[in-house]
Amino acid sequence: MKVLVNGVGNIGTTLLQVLSTHRDLLGIDEVLAHKSTVRPWDVPQLERLKDSGVVLVGDAYTAQATLDQVAHDIDYVFDAGRNGFGIERRSLYETFPRLLGASAQGTETTFGTPYVLGLGMDASAQRWTHIPSCNTHSALAVLRTLTDGDLDDVAFGDFVVARRSEDVGNHERLVAGNVVARHLDPVLGTHHAIDADKVLAVLGRRLPIQSSDITTPSQFLHSTRFSLRLRSAPSASEVRDRIARSSYVTSTQVFDTNKVFEIGRRFGLGGRLFNQAIFVADNLLVNDDLVSGWAMVPQEGNTILSTCAAFLQRSCGVTEAEVRTAALAEKLLIGPL
Ligand SMILES: NC(=O)c1ccc[n+]([C@@H]2O[C@H](COP(=O)([O-])OP(=O)(O)OC[C@H]3O[C@@H](n4cnc5c(N)ncnc54)[C@H](OP(=O)(O)O)[C@@H]3O)[C@@H](O)[C@H]2O)c1
C-alpha cells in the first residue's frame with residue numbers, strides 16, 4: 001500500500017510522522033509526501049522527513065520523483081491542503097489508476113462524505129472522505145461522551161468555541177483582541193455546529209445544537225464552553241464516570257491551555273496531543289438536566305485518529321480497522337493530562 005500526503009504544513013507534517021512511525025500497524029509499505037511550495041527554510045524539515053523514510057515527490061530540488069512519475073502507483077491520498085486546495089485537487093486524484101480512496105481535512109467540506117471516529121461510522125465504501133475540523137470533532141466528542149453514547153439523550157446543546165488565533169508555528173492570522181465570528185446559519189450558528197450537523201446527517205440523525213466562536217490572541221489550543229440539556233439528568237458523579245469511560249477523550253486538572261500544550265510538546269508524538277477533547281476536570285456545572293463545562297481542543301492532533309481510521313476502514317474493512325485503530329490509539333493517546 002502506497003500512500004501520499006499532499007501538503008506538508010501543520011496537519012500534513014503531523015500525519016506524516018504518524019504514518020511513517022506506525023506504517024506496519026497501518027499496513028503501509030511506502031509513505032510519499034508532496035509539497036507544492038518549497039522555500040529555502042523548508043528544506044531542513046523536508047530532509048528530516050526523508051531521513052525518517054518518507055519519499056518526497058514534487059518539482060523542488062529536494063524531491064526524489066515528480067508526482068507524475070509516482071501517480072500510477074498511489075493507493076490512497078491524504079490531502080492536507082487548505083482553503084480549497086484539496087477540493088481543487090480531487091479531479092487530479094481521480095486520474096490515479098490505483099486509487100482506493102482519499103481524504104481531505106477541515107476547510108475542504110465538499111471533498112467527500114464526513115467521517116468522525118467514535119460515532120460508529122462506516123467509511124469502508126467511501127472513496128472520498130472529509131475529516132471535519134478540530135472543533136467539530138470536539139463538539140461531537142462532548143455530545144457522545146456526556147450522553148454515554150446515546151445521542152437521543154440530547155435535549156439541547158450549545159457550544160462556544162474560544163479559538164486560538166493560529167497555529168504556534170504560523171505567523172499570518174494573529175489577532176490583537178477577541179474577534180467574534182459571524183453566525184452562518186440562523187439556527188446552528190457557526191460552521192462547527194453546521195459541520196457537526198452534516199456528520200450526524202450521515203448517521204441519519206438531527207440534534208438541536210448550536211455554536212458560536214470567538215478568536216482570541218492565543219496560539220495554544222482552542223477551548224470550548226459546552227452547555228448540554230440531557231434527558232437523563234445525570235448526577236455529577238455519573239457525568240465524571242461518563243468522561244472517564246469515553247474513548248478518545250481525556251481530562252486535565254490544568255486550567256491553562258499553554259500548560260496543556262506543553263504536556264503535548266513533552267510527551268506526544270511530534271509534540272502533539274491526539275485526544276478529541278480534553279475535559280477540564282473538577283470544573284463541571286451539573287444542575288438537574290443541565291451539564292456545562294470546558295473542554296480544551298488540541299487542534300493539531302485531534303483529527304489524526306479519525307483520518308487514520310477512515311483510511312483503515314477503506315483499506316482493510318471495518319472489523320480489522322477497529323482492531324488497528326484501537327492499537328494506534330493506544331500508542332498515540334496520553335491522559336489524564
Ligand atoms: N492546523 C490545525 O490545527 C488543523 C486542525 C484540524 C483541521 N485542520 C485542517 O487541515 C487543513 C490544513 O491545515 P493546516 O493548519 O495544516 O494548514 P497550513 O499548514 O497552514 O497549510 C497546509 C498546506 O496548504 C498549502 N498552502 C497553504 N497556504 C497556501 C498558499 N497561500 N498558497 C499555496 N499553498 C498554500 C501548503 O501546501 P504545500 O505544503 O504543498 O506547499 C501548506 O503546507 C485545513 O483544511 C484545516 O482546516 C487543521
- Task: Consider only side-chain N and O atoms of Thr13 and Gln45, and report whether a donor and an acceptor are under 3.5 Å apart.
- Result: no
- Task: Please check if any side-chain donor atom of Thr215 sits under 3.5 Å from a side-chain acceptor atom of Arg163, or the reverse.
- Result: yes
- Query: Are there more than 12 heavy atoms of other residues, nucleotides or ligands under 6.0 Å from atom CG of Asp51?
  - Reply: yes
- Query: Salt bridge or not for Asp75 and Arg98, using N-O below 4.0 Å?
  - Reply: yes
- Task: Could you tell me whether the side chain of Asp213 reaches within less than 4.5 Å of the side chain of Val180, counting heavy atoms only?
- Result: no
- Query: Regarding Gln126 and Thr129, is there a side-chain donor-to-acceptor distance under 3.5 Å anywhere?
  - Reply: yes
- Message: Is a donor from one side chain sitting under 3.5 angstrom from an acceptor on the other, for Thr303 and Gln105?
- Response: yes
- Are Val3 and Leu32 side-chain neighbours, meaning at least one heavy-atom pair lies under 4.5 Å? no
- Verify the distance criterion only: is there a donor paired with an acceptor across the side chains of Arg324 and Gln313 at less than 3.5 Å? no
- Message: Under a 3.5 Å cutoff, is there a donor and acceptor pairing between the side chains of Thr66 and Asp68?
- Response: no
- In Å and rounded to the nearest 0.5 Å, what is the CG to NZ distance from Leu269 to Lys331? 11.5 Å
- Task: In plain terms, say whether Arg229 and Asp289 are close enough for a salt bridge, that is, a side-chain N and a carboxylate O under 4.0 Å apart.
- Result: yes
- Message: Could you tell me if the side chain of Met296 sits less than 4.5 Å from the side chain of His222, heavy atoms only?
- Response: no
- Task: Say whether, by atom type as modelled, one donor and one acceptor occur between the side chain of Ser246 and the main chain of Arg242 under 3.5 angstrom.
- Result: no
- Query: Side chain of Gln210, backbone of Gly189: donor and acceptor closer than 3.5 Å?
  - Reply: no
- In terms of side-chain heavy atoms, does Asn275 have a donor or acceptor partner in Thr250 at a distance below 3.5 Å? no
- Item | Heavy-atom check, side chain of Leu174 versus side chain of Pro217, under 4.5 Å | no
- Could you pull out the closest heavy-atom pair between Gly268 and Ile334, with the gap in Å? N-CD1, 4.4 Å
- Item | Asp42 with Arg39: basic N within carboxylate O range, under 4.0 Å | yes
- Please assess Arg89 against Asp79 for the test salt bridge (charged side-chain N to carboxylate O under 4.0 Å, His left out), listing each intermediate value before the final yes or no. CA-CA 8 Å; Arg89 293 192 285 229; Asp79 195 289; 2.9 Å; yes
- Message: Quiz question: by atom type and distance under 3.5 Å, do the side chains of Thr113 and His130 form a donor-acceptor pair?
- Response: no
- Task: Indicate yes or no: does Glu238 engage Arg245 in a salt bridge with an N to O separation below 4.0 Å.
- Result: yes
- Verify whether one side chain among Asn302 and His137 offers a donor that lies under 3.5 Å from an acceptor in the other. no
- Evaluate the criterion side chain to side chain contact (heavy atoms under 4.5 Å, CB included) for residue pair Val239 and Leu146; output intermediate values, then yes/no. CA-CA 6 Å; Val239 171; Leu146 297 185; 3.9 Å; yes
- Query: Is a salt bridge present between Glu262 and Arg265, judged by a nitrogen-to-oxygen distance below 4.0 Å?
  - Reply: yes
- Query: Is there a donor-acceptor pair under 3.5 Å between the side chain of Gln64 and the backbone N or O of Leu56?
  - Reply: yes
- For Phe226 and Ala295, work out which heavy atoms get closest and say how close. CE2-N, 3.9 Å
- Task: Classify the angle between the aromatic ring planes of Trp128 and Tyr93 as parallel (below 30°), tilted (30 to 60°) or perpendicular (above 60°).
- Result: parallel
- Taking Ser211 as the fixed residue, which of Thr190, Asn135, Thr224 is the one that meets the side-chain hydrogen bond (donor to acceptor under 3.5 Å, both in side chains) rule? Thr190
